Peer 1: 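Submitted below is the structure of interest, expressed as structure tokens.
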Amino acid sequence: MEPRRMIPSEIFRFDIVDSTNDRAKEMLDQDLREGAVIVAARQASGRGRYGRAWASPPGGLYLSIVLRPKEKKVQLLSLLSGLPVVRALRGLGIEASLKWPNDVLVNGKKICGILCEGVYRHEAFWAIVGIGVNVATDIRRLPKDVQSDATSLRRELGKDAEPESILENLLKEYDNFYDSYSHQGPERLLTEYRGLCTTLVKPVSVETAKGRISGTATDISPDGALVLERNGKKVEIFEGTLVRA
Ligand code: BTN
């Protein structure tokens, strides 16, 4: 018999929501169990990192997983949440990899973005892990400035994948990943991350709140920072967007 899975504890499906992350937060105001998953066929105001919009036309997979992690921050969970997505895509025979912090790439183009947010509700800390995957997404329906850097499962497989089985596989991988993250800690997952991260070891520039920082990306620190070496010195970057890789 398969062991009982924590994710999904329950699945809520919608045709359209503003953002599955926002809907998850609203539903937490009432009552939501850890492991709950919110899925929508479309989002009217999908959100990306740093307040950017996440275009969410039909054909994409938009979901949020509701978790109650032990540590009251989402940084490492956010970084490592790309791993189960990569594992699920590799299970389909697609050579997926990671771009720091948590973009999932195939052939150098983005197929999935992750927005992980922490919230306090009912005197507890919750993490909402929002995942957007271009499944059968028509890339021409994405904003012009991201089209040339985006791809979809349909494009990479050369045929349509069954959306329900993608969701099922993704949740199974996330459940395995989260079990290991919560019970064994992040060390082995960080090693797996470093092996799948195309950002290492390369010259990069990162746009941060303090401006652009350039150097050679040499490692990911145990707490999830990108380690850059420049002029013989090491700099750790916790938040930022890679602008050249
Ligand atoms: C990024 O790459 O900037 C992150 C994109 C995250 C998109 C997903 S889609 C499901 C969930 N709901 C949202 O509004 N955003 C995340």
Side-chain angles (χ1 to χ4, degrees), residues 7-8 11-28 32 36-67 74-75 77-86 88-89 96-106 108-119 126-139 141-143 145-153 163 166-167 170-171 173-174 193 197-199 206-209 224 226 238-243 245:
I7 301 165
I11 299 191
F12 298 91
R13 293 171 190 278
F14 298 92
D15 178 35
I16 185 158
V17 294
D18 282 344
S19 147
T20 55
N21 274 29
D22 293 345
R23 180 56 65 98
K25 287 182 205 164
E26 283 159 26
M27 290 172 76
L28 260 179
L32 211 50
V37 175
I38 318 297
V39 189
R42 284 175 299 156
Q43 301 184 112
S45 324
R47 295 190 290 108
R49 295 169 61 231
Y50 299 113
R52 291 189 283 249
W54 180 258
S56 310
L61 178 59
Y62 311 109
L63 70 139
S64 297
I65 305 173
V66 177
L67 300 170
V74 291
Q75 190 151 332
L77 181 64
S78 172
L79 178 90
L80 294 172
S81 283
L83 281 178
V85 180
V86 169
L89 294 180
S97 57
L98 292 162
K99 174 180 161 193
W100 183 85
N102 57 14
D103 285 350
V104 179
L105 306 185
V106 180
K109 292 181 190 277
K110 184 158 167 174
I111 199 163
C112 167
I114 297 173
L115 176 67
C116 195
E117 298 176 293
V119 287
W126 299 80
I128 315 284
V129 184
I131 304 176
V133 187
N134 298 332
V135 177
T137 312
D138 182 350
I139 302 296
R141 293 191 64 177
L142 299 181
D145 59 323
V146 302
Q147 286 181 10
S148 60
D149 291 326
T151 191
S152 67
L153 258 175
I166 310 278
L167 177 65
L170 182 53
L171 294 180
E173 293 293 356
Y174 204 96
Y193 180 98
C197 181
T198 55
T199 312
V206 187
E207 203 67 73
T208 73
L226 182 68
F238 287 91
E239 294 271 352
T241 302
L242 226 57
V243 286

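One-based numbering, in listed order, for ligands and for the atoms of each. Small disclaimer: the values here were computed from a predicted structure and weren't measured.
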Peer 1: Are Arg23 and Asp18 ion-paired here, with the side-chain N under 4.0 Å from a carboxylate O?
Peer 2: no
Peer 1: For Asp103 and Lys110, indicate whether the former's side chain and the latter's backbone hold a donor-acceptor pair under 3.5 Å.
Peer 2: no
Peer 1: Using modelled atom types and a 3.5 Å cut-off, is there a donor and acceptor pairing between side-chain atoms of Arg42 and backbone atoms of Gly60?
Peer 2: no
Peer 1: What residue and atom, counting heavy atoms only, is the protein's closest point to atom 3 (O) of ligand 1, and at what distance?
Peer 2: Arg49 N, 2.8 Å
Peer 1: Could you give the distance from OG (Ser64) to CG (Leu32), rounded to the nearest 0.5 Å?
Peer 2: 10.5 Å
Peer 1: Would the distance check show the side chain of Asn21 and the main-chain N or O of Leu115 forming a donor-acceptor pair, the cut-off being under 3.5 Å?
Peer 2: yes
Peer 1: If we set the cut-off at 4.0 Å for heavy atoms, which region of Asp22 has an atom near ligand 1: side chain, backbone, both, or neither?
Peer 2: neither
Peer 1: Determine, using heavy atoms of Arg52 and all atoms of ligand 1, whether some pair is separated by less than 4.0 Å.
Peer 2: no
Peer 1: Suppose we measure from atom 2 (O) of ligand 1 to each protein heavy atom; which comes out shortest, and what is that distance?
Peer 2: Lys110 NZ, 2.6 Å
Peer 1: Report the nearest protein non-hydrogen atom to atom 8 (C) of ligand 1: residue, atom name, distance rounded to 0.1 Å.
Peer 2: Gly132 N, 3.7 Å
Peer 1: Going by distance alone, is a donor N or O of one side chain under 3.5 Å from an acceptor N or O of the other, for Ser19 and Tyr62?
Peer 2: no
Peer 1: Under 4.0 Å from a heavy atom of Gly46: which atoms of ligand 1 are those, numbered in the order shown and with their elements?
Peer 2: 14 (O)
Peer 1: Heavy-atom contacts with Thr20 under 4.0 Å: which atoms of ligand 1 show up? List them by number with element.
Peer 2: 10 (C), 11 (C), 12 (N)
Peer 1: Could you tell me, atom by atom, which parts of ligand 1 come under 4.0 Å of a heavy atom of Asn21?
Peer 2: 11 (C), 12 (N)
Peer 1: Of the listed options (Gln43, Lys99, Arg23), which comes nearest to atom 13 (C) of ligand 1 when hydrogens are ignored and any heavy atom counts?
Peer 2: Gln43
Peer 1: Before signing off on this row, confirm whether Ser64 and ligand 1 have an N or O atom pair separated by under 3.5 Å.
Peer 2: no
Peer 1: Do the side chain of Lys99 and the main chain of Thr198 share a donor and acceptor less than 3.5 angstrom apart?
Peer 2: no
Peer 1: State the OG-CG distance between Ser152 and Leu61, to the nearest 0.5 angstrom.
Peer 2: 13.0 Å
Peer 1: Check each atom of ligand 1 against the heavy atoms of Leu115 and keep those under 4.0 Å away; list them by number with element.
Peer 2: 6 (C)
Peer 1: May I ask you to list the atoms of ligand 1 that are less than 4.0 angstrom from any heavy atom of Gly48?
Peer 2: 1 (C), 3 (O), 4 (C), 5 (C)
Peer 1: Do me a favour and list the nearest non-hydrogen protein atom to atom 5 (C) of ligand 1 with residue, atom name and distance?
Peer 2: Trp54 CE3, 3.4 Å
Peer 1: Output yes when the distance from some N or O of ligand 1 to some N or O of Tyr62 is under 3.5 Å, and no in every other case.
Peer 2: no
Peer 1: Please write down residue, atom name and distance for the protein heavy atom closest to atom 15 (N) of ligand 1.
Peer 2: Arg47 O, 2.7 Å
Peer 1: Are the side chains of Leu83 and Leu98 in touch, meaning some heavy atoms are under 4.5 Å apart?
Peer 2: yes
Peer 1: Pull out every atom of ligand 1 sitting under 4.0 Å from any heavy atom of Ser19, numbered as shown with elements.
Peer 2: 12 (N), 13 (C), 14 (O)
Peer 1: Find the distance between CZ (Arg13) and CG (Leu167) and round it off to the nearest 0.5 Å.
Peer 2: 6.0 Å
